[in-house]
Amino acid sequence: MKQGLALRLFNSLGRKLQEFTPIHPGKVGLYTCGPTVYNFAHIGNLKTYIFEDILRRTLEYLKYDVTHVMNVTDVGHLSDDADQGEDRMMIGARKTGKTVWEIADFFTNAFFRDLEHLHIVKPTIICKATEHIQDMIDLIVRIEKNGFTYFKGGNLYFDISKFPDYGKLANLNLADLKAGARIEVDENKKNPHDFVLWFTQSKFEHQAMLWDSPWGRGYPGWHIECSAMSIRYLGETFDIHCGGVDHIQVHHTNEIAQAEAATGKKWVNYWLHGEFLVTSNAKMSKSLENFITLNSLKERGYDALDYRYFCLGAHYRKQQNFSFEDLDAARTARNNLLDRVARLKKQSDNDSSEPIAGNALRHLESFQENLLNDLNMPKCLSDLWNLLKDEKIEPHLKLRVVLEMDKVFGLNLEAAHLEDVVLNDKLMRLLNERDEARINKDYTRADEIRVQLEDEGIIIEDTPDGVRWRRK
RNA sequence: GGCGCCGUACCCAAGUGGUAAGGGAGAGGUCUGCAAAACCUUUAUGCACCGGUUCGAAUCCGGUCGGCGCCUCCA
């Protein structure tokens, strides 16, 4: 790593680029909001996990020992404002005839399969909300003891008027909040932005998940799980918390209020938020049902990593437009990339341990600079391409730098290789026949065979070193 | 109403004061029997529009127009 480079990240708390300094030298506590498992993740959701993976890989590239915690929200949540609507898990269960637990399990598995296909490094700790109810209750007790709650209509509420810093992440102020509230207000709330810590009064029938608590049998409010589990695994103050931009105003704002009301300490130092994927100028969302899953991309013939490459093409803090045309461009680019790397492999003798210097070093350092500048992946990709196209660099050296960069890209370039397609006897005979035809200058016959082979999925290329073939 | 994001070539997309990265697509070329692949060259005197600041602005300030998100479960 180039001397004097420091990682700079855009902190949503304060809205500016800041140099990253961990609480404990050499170690990072990272919490990333995970999925609510009542449906498949869509590629918009996955964009955020890809961004977080780049962050995780970057931290590890910088030799930090990262403890990465991700929650799985397998408790049902309301589909609407506080006391209305239906539990999302219940809706899922009703549609499929499964229990809520089976639904949670099924979609949790599907989610982590997606992450695997996207080459997203698995979190150090994955924690399910339903397995941490006691942690949540304990935290709520502390919040209550510190005087931030009130109990009304069967539910325990967080009183935001008791927390002067409320809204600091989202640049909100309490006066505006009252004026701006347009949602039909829960009558029990003193302030429209108060939120429930623990429900005992639910208006759904057949609430499937219930636990005993000091406030009665019920279930936790949504926000409390992240506060409780992150504190459990990362301590009362930790380094980085990530999520999608949609979480800034409510979820993360409420998490901060709860956590800091309980501990009296600053909870998180750096907040990072990924912007949305949009399609023809509308966001992709589960409730709008305009969403595309990773599986459906595969059914259309794309590789999960095509989508990963696509996401790398835009900065994580900018909305990115999705279209199949652009995904095609990403796929072509990635295939070209794999091709180049595969050729490099063929050209390099793998015994090089000489130091990276000259142009190779220049490209690598540029990459590092762009990486540390708030994870500028588009620029990093540009460095990768400039490296690949630089003719002054020896193949083996080039390859080493490529693989070095790929520690962060996570495009699995290591696995790139020229495919050796073994032809069966019939095809081999055709190939030989074509060779003969060409020697005899019977090009009509030769071209005929080329078409024939293409129909079999084999592309023929005549090179100065003889004929070469590959799969279509 | 409040809080935010954005408008750069045919498409995607970097660039936050010093004269427009990269990818895809297109065009021309080298090579080839022809292709393919590869390689080379090429494609924005201009960054929504109008003012302003400055020696200098896509970049800063003000305004206009347009697109999007959050404020209700959501990445």
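Per chain, numbering begins at 1; letters A, B, ... match sequence-line order. A quick note: this is a predicted structure, and the numbers were derived from the prediction, not measured.
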Polar atoms only, N or O, under 3.5 Å: list the protein pairs with nucleotides 7-9 of chain B and their distances.
from, atom 1, to, atom 2, distance (Å)
B:G7, OP1, A:Lys318, NZ, 3.3

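Side chain of A:Glu275, nearest nucleotide from B:A37, B:G15, B:C5: B:C5. In this structure, of B:C5, B:A35, B:C11, it is B:C5 that holds the atom nearest to the side chain of A:Gln319. For A:Ala333, counting side-chain heavy atoms from C-beta on, the closest listed nucleotide (B:A75, B:G4, B:G24) is B:G24. Comparing atom distances between the A:His193 side chain and each of B:A13, B:C71, B:C40 picks out B:C71 as nearest. In this structure, of B:G33, B:C70, B:C68, it is B:C70 that holds the atom nearest to the side chain of A:Asp246. Ranking B:A13, B:C39, B:G69 by closeness to the A:Arg343 side chain, first place goes to B:C39. Checked against B:C3, B:A14, B:G33, the side chain of A:Arg438 finds its nearest nucleotide in B:G33.
Ring pair A:Phe158/A:Phe163 is perpendicular by interplanar angle, where above 60° counts as perpendicular and below 30° as parallel. Under the 30°/60° scheme for interplanar angles, the aromatic rings of A:Tyr31 and A:Phe238 are found to be tilted.
Computed from coordinates, the A:Leu172 CG to B:G1 C1' distance equals 13 Å when rounded to whole Å. Between the CG atom of A:Asp339 and the C1' atom of B:A37 there is a distance of 9 Å, given to the nearest Å. The distance between atom CZ of A:Phe367 and atom P of B:A21, rounded to the nearest whole Å, is 21 Å. In this entry the distance linking CD of A:Glu391 with P of B:C40 reads 5 Å, nearest Å. Distance A:Ile458 CD1 to B:A36 P: 18 Å, rounded to the nearest Å. Here the P atom of nucleotide B:G4 and the NZ atom of A:Lys16 are 14 Å apart, to the nearest Å. Protein atom CG of A:Asn321 is 14 Å distant from nucleotide atom C1' of B:G69, rounded to whole Å. Protein atom CH2 of A:Trp469 is 16 Å distant from nucleotide atom C1' of B:A36, rounded to whole Å.
An OP1 or OP2 oxygen of B:G15 is reached within less than 4.0 angstrom by a side-chain nitrogen or oxygen of A:Asn376. One finds no side-chain N or O of A:Asn171 lying less than 4.0 angstrom from the OP1 or OP2 phosphate oxygen of B:G2. A close approach under 4.0 Å does not occur between any side-chain nitrogen or oxygen of A:Arg445 and OP1 or OP2 of B:G33.
A donor-acceptor contact under 3.5 angstrom links the side chains of A:Gln368 and A:Tyr61, judged on distance only. The closest side-chain donor-acceptor pair between A:Lys346 and A:His417, if any, does not fall under 3.5 angstrom.
Note on A:Leu337: nothing from the nucleic acid sits closer than 4.0 angstrom, heavy atoms only. Within 4.0 Å of A:Tyr49, counting heavy atoms only, lie sugar-phosphate atoms of the nucleic acid but no base atom. Residue A:Asn370 is out of contact with every strand shown, counting any heavy-atom pair closer than 4.0 Å. Within the 4.0 angstrom heavy-atom criterion, only backbone atoms of the sugar-phosphate kind lie near A:Asp326; the bases stay farther away. A:His273 comes within 4.0 angstrom of no nucleic acid atom, judged by non-hydrogen atoms across all strands. Residue A:Gly274 is out of contact with every strand shown, counting any heavy-atom pair closer than 4.0 Å. Among the atoms of the strands shown, only primed sugar atoms or phosphate atoms (P, OP1, OP2) are found under 4.0 Å from some heavy atom of A:His315.
At least one side-chain heavy atom of A:Val408 sits under 4.5 Å from a side-chain heavy atom of A:Ile54. Between A:Asp374 and A:Leu17, some side-chain heavy-atom pair lies under the 4.5 Å cut-off.
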Practice prompt. Any chance you could encode RNA chain B as dot-bracket? Rule is Watson-Crick or G-U wobble with both distances under 3.5 Å; [ ] for pairs crossing earlier ones, | for another strand.
Written response: ((((((((.[[[..)..(...]]]((((((.......))))))....[[[[[..)....]]]]])))))))....
Practice prompt. For A:Asn191 and A:Ser161, run side-chain hydrogen bond (donor to acceptor under 3.5 Å, both in side chains): C-alpha distance rounded to whole Å, both residues' side-chain angles, the deciding distance at 0.1 Å, then the answer.
Written response: CA-CA 8 Å; A:Asn191 183 300; A:Ser161 68; over 6 Å; no
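Between the A:Asn71 side chain and the A:Ala129 main chain, no donor and acceptor come within less than 3.5 Å of each other. In this structure a side-chain-to-backbone donor-acceptor pair under 3.5 Å is present from A:Asp239 to A:Gly29.
Across the interface with RNA chain B, nearest-nucleotide mapping of A:Thr332 and A:Arg450 shows A:Thr332 to be the residue nearer the 5′ end. Nearest-nucleotide positions on RNA chain B for A:Arg468 and A:Thr48 put A:Arg468 closer to the 5' end.
A side chain to side chain donor-acceptor pair (under 3.5 Å) with A:Asp53 is found for exactly one of A:His68, A:Lys122, A:His119, A:Arg308, namely A:Arg308. For the salt bridge (charged side-chain N to carboxylate O under 4.0 Å, His left out) with A:Arg434, the qualifying choice from A:Asp447, A:Asp442, A:Asp462 is A:Asp462, the only one to do so.
Of the residues in residues 381-390 of chain A, those placing a heavy atom less than 4.0 Å from an atom of RNA chain B are A:Ser382, A:Trp385, A:Asn386, A:Lys389, in numerical order.
A cation-pi geometry, defined here as NZ or CZ lying under 6.0 Å from the six-membered ring centre and within 45° of its normal, does not hold between A:Arg438 and A:Tyr443. The side-chain tip of A:Arg317 points at the ring of A:Phe10 from less than 6.0 angstrom away and within 45° of straight on.
One can find a donor-acceptor pair under 3.5 Å joining the base of B:C3 and the side-chain atoms of A:Gln249.
Annotation for A:Arg468: atom CZ does not count as buried by contact number, only 12 or fewer foreign heavy atoms lying within 6.0 Å.
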